[in-house]
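Since the structure comes first, as structure tokens, the remarks are kept for the end.
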Amino acid sequence: MSYLPLANILHHKLRSALSAMGIAIGICMLVTLSGLSRGSLYEIADRWEEVDAELIIYPEIWGRNLTTLSGSALPDRYGDKIAAEHSRLIERVVPVFLWPIRLAGQDQTVVGVDPQNFNMLVGGRRLRQGRLFDPDGRFAGWLENTLLAPAGEDQEIVEITKDQLADTDHNGLEMVIDTRLATAGGYRLGQKVFTANHHFTIVGIVPAGGLARAFMPRRTAQFLFGNGDITKSTLMFIKLAGGGEPAAAARKIKRPGTAVMQVDQYRGMLKDKFGIMFTYVDAVNVVAMVIAFLFIMITLYTMVLQRTREIAILKSSGASNFFLIRQVWAESMLLTAAGAAAGVALSFLAGWGIEACRPLLTVTITWWWIAVAAAAALLGAAASSLYPAWRATRIDMLEALRFE
């Protein structure tokens with residue numbers, strides 16, 4: 001009689017389909033929400049780890065809040081100083097300026113970087129279209145000559161107008177974006193976009209995966225977002241000379257007032273800062289799974305009540321309590337297996353739909369979370385069948401047959 005559980009499921013197609021769908025929704029939520037929360041956060045960490053550097057220097061006052069650091073924070077001369085002091089240890093010091101702007105309807109962190117250091121921040125990716133901003137350094141040179149007085153001369157207050165910044169001879173208001181931002185915003189090469197109270201021209205598009213989704217000349221970012229001060233950056237990346245050990249180098253380079261961390265520690269910093277989001281998502285998943293399995297339990301319990309006479313006949317034919325428990329348990333497992341398979345399929349579909357509608361979000365569906373969902377489904381199915389199975393064994397055979 002091993003076919004009885006399947007026969008019972010097929011006999012009540014609508015009820016069985018609804019029960020399996022309840023499980024499918026729970027599984028889909030577990031896999032998709034976990035993939036969305038972790039995928040979007042870890043995608044940021046992945047991009048930072050693509051930077052061709054080993055260390056990051058930033059103001060010590062920020063502690064473990066590097067993930068939200070932006071603006072003028074660290075004097076540029078500090079980079080020149082440590083590069084000179086540790087010339088054998090350090091191959092290159094790259095200052096960058098970070099600032100939040102709004103593009104494609106979402107907040108983005110734009111990275112101001114000197115064009116000669118752009119390749120370091122995008123992991124060696126080549127531009128897919130266009131060219132690099134301020135390729136010959138004309139804008140940086142003009143701004144430095146305008147705002148920075150030569151040594152020994154008094155600094156005069158100089159006002160620079162929007163028209164001067166937008167002058168095509170300077171190439172200052174230019175931007176390179178990545179392919180995902182271009183898709184999300186419908187941006188194209190040569191288009192002017194208005195953000196941060198200025199019109200920027202998109203001059204290049206780079207494959208996604210670099211430090212940020214938008215890049216501009218560092219001098220532009222310093223001037224626009226640093227109140228005209230072009231002597232400070234947000235943080236600095238350090239590329240060590242061949243054979244340099246990051247932890248030991250960090251201890252040597254660190255000076256009072258600054259913090260030095262390894263680039264591969266940024267992921268842990270992100271988890272410390274935003275990991276509470278995972279707790280909320282997991283709590284929602286637990287609630288969804290509990291509701292799904294309560295639905296299964298109610299379905300099985302209703303099935304037992306509706307089949308009182310059939311169960312009584314089975315008992316009168318010699319069926320043991322173990323046999324009845326096994327039948328109810330088998331039905332629960334079949335419904336759950338069908339629901340779990342449908343849920344995993346739906347999670348891939350949901351992930352595709354989310355990324356299609358919101359290209360800047362990342363849904364990472366891993367086999368680990370699929371395994372977690374499957375294990376939760378099996379345990380939930382076993383637990384939800386306990387009471388209905390016990391109820392089946394408590395049916396009074398004589399009373400049930402007399403009642404019928």
Side-chain angles (χ1 to χ4, degrees), residues 48-99 109 111-124 134 137 140-141 143-145 147-155 210-212 215-223 225-269:
W48 276 70
E49 291 173 357
E50 283 294 304
V51 176
D52 185 22
E54 290 78 28
L55 300 176
I56 304 172
I57 299 180
Y58 63 98
E60 191 173 35
I61 193 172
W62 279 84
R64 297 282 292 178
N65 289 328
L66 175 59
T67 55
T68 56
L69 179 59
S70 64
S72 301
L74 207 59
D76 290 342
R77 65 176 181 272
Y78 180 79
D80 298 331
K81 186 174 183 179
I82 62 172
E85 290 179 356
H86 304 279
S87 57
R88 293 185 178 181
L89 182 64
I90 296 175
E91 178 181 317
R92 184 164 46 157
V93 178
V94 177
V96 300
F97 194 100
L98 308 179
W99 192 257
T109 296
V111 174
V113 60
D114 297 328
Q116 65 269 23
N117 295 321
F118 175 80
N119 193 58
M120 177 182 181
L121 302 188
V122 296
D134 192 22
L143 200 59
E144 291 166 2
N145 292 332
L147 297 180
L148 299 180
E153 296 185 11
D154 293 332
Q155 178 72 57
L211 176 64
F215 302 85
M216 66 174 61
R218 182 168 65 97
R219 293 307 189 193
T220 299
Q222 287 177 314
F223 179 77
F225 312 129
N227 296 321
D229 183 0
I230 64 170
T231 67
K232 294 180 180 179
S233 296
T234 306
L235 52 85
M236 298 177 185
F237 287 101
I238 296 182
K239 173 68 175 176
L240 298 177
E245 203 282 315
R251 290 192 294 269
K252 291 181 180 180
I253 294 171
K254 188 181 184 311
R255 300 174 65 91
T258 63
V260 183
M261 64 169 284
Q262 298 178 44
V263 173
D264 58 12
Q265 293 176 327
Y266 186 80
R267 184 181 300 270
M269 187 177 288

I'd like to know if the side chain of E54 and the backbone of L240 have a donor-acceptor N/O pair within less than 3.5 Å. yes
Nearest atoms (heavy-atom pairs only) where Q116 meets R92: O-NH1, 3.8 Å
Ignoring hydrogens, what is the shortest heavy-atom contact between A73 and P75? Give both atom names and the distance. O-CD, 4.2 Å
Please tell me if the side chains of I253 and I90 come closer than 4.5 Å, counting only heavy atoms from C-beta onward. yes
Check S233 against F97 and note the closest heavy-atom contact, atom names and distance. CA-CD1, 4.0 Å
Could you tell me the separation between the CH2 atom of W62 and the OG atom of S70, rounded to the nearest 0.5 Å? 6.0 Å
Please test R255 against E85 for side chain to side chain contact (heavy atoms under 4.5 Å, CB included), starting from the C-alpha separation and ending with a verdict. CA-CA 12 Å; R255 300 174 65 91; E85 290 179 356; 3.0 Å; yes
What distance separates T258 OG1 from I56 CD1, expressed to the nearest 0.5 Å? 13.0 Å
Just how far is it from atom CG of L235 to atom CG of L55, taken to the nearest 0.5 Å? 12.5 Å
Gap separating the CD1 atom of I57 from the CD1 atom of I238, nearest 0.5 angstrom: 3.0 Å
Partner set under ring pair (Phe, Tyr, Trp, His ring centres under 6.0 Å) for F225, not counting sequence neighbours: W99
Candidate list W48, Y266, Y58, test ring pair (Phe, Tyr, Trp, His ring centres under 6.0 Å), partner F237, passing option: W48
What distance do D264 atom CG and E49 atom CD have between them, rounded to the nearest 0.5 Å? 6.5 Å
Are the side chains of P59 and L74 in touch, meaning some heavy atoms are under 4.5 Å apart? yes
Given T234, N117, D76, the one that forms side chain to side chain donor-acceptor pair (under 3.5 Å) with R218: D76
May I ask you to decide if A140's main-chain N or O and D134's side chain share a donor-acceptor pair within less than 3.5 Å? yes
Note: M236 and P95 closest approach over all heavy atoms is CG-CA, 3.8 Å
Any D52 side-chain heavy atom under 4.5 Å of K239 side chain: yes
At what distance, to the nearest 0.5 angstrom, does OG1 of T67 lie from CZ of R267? 14.0 Å
Considering all heavy atoms, the nearest L143-R219 contact: CD2-O, 3.5 Å
Please check if the number of heavy atoms outside K232 that lie under 6.0 Å from its NZ is greater than 12. no
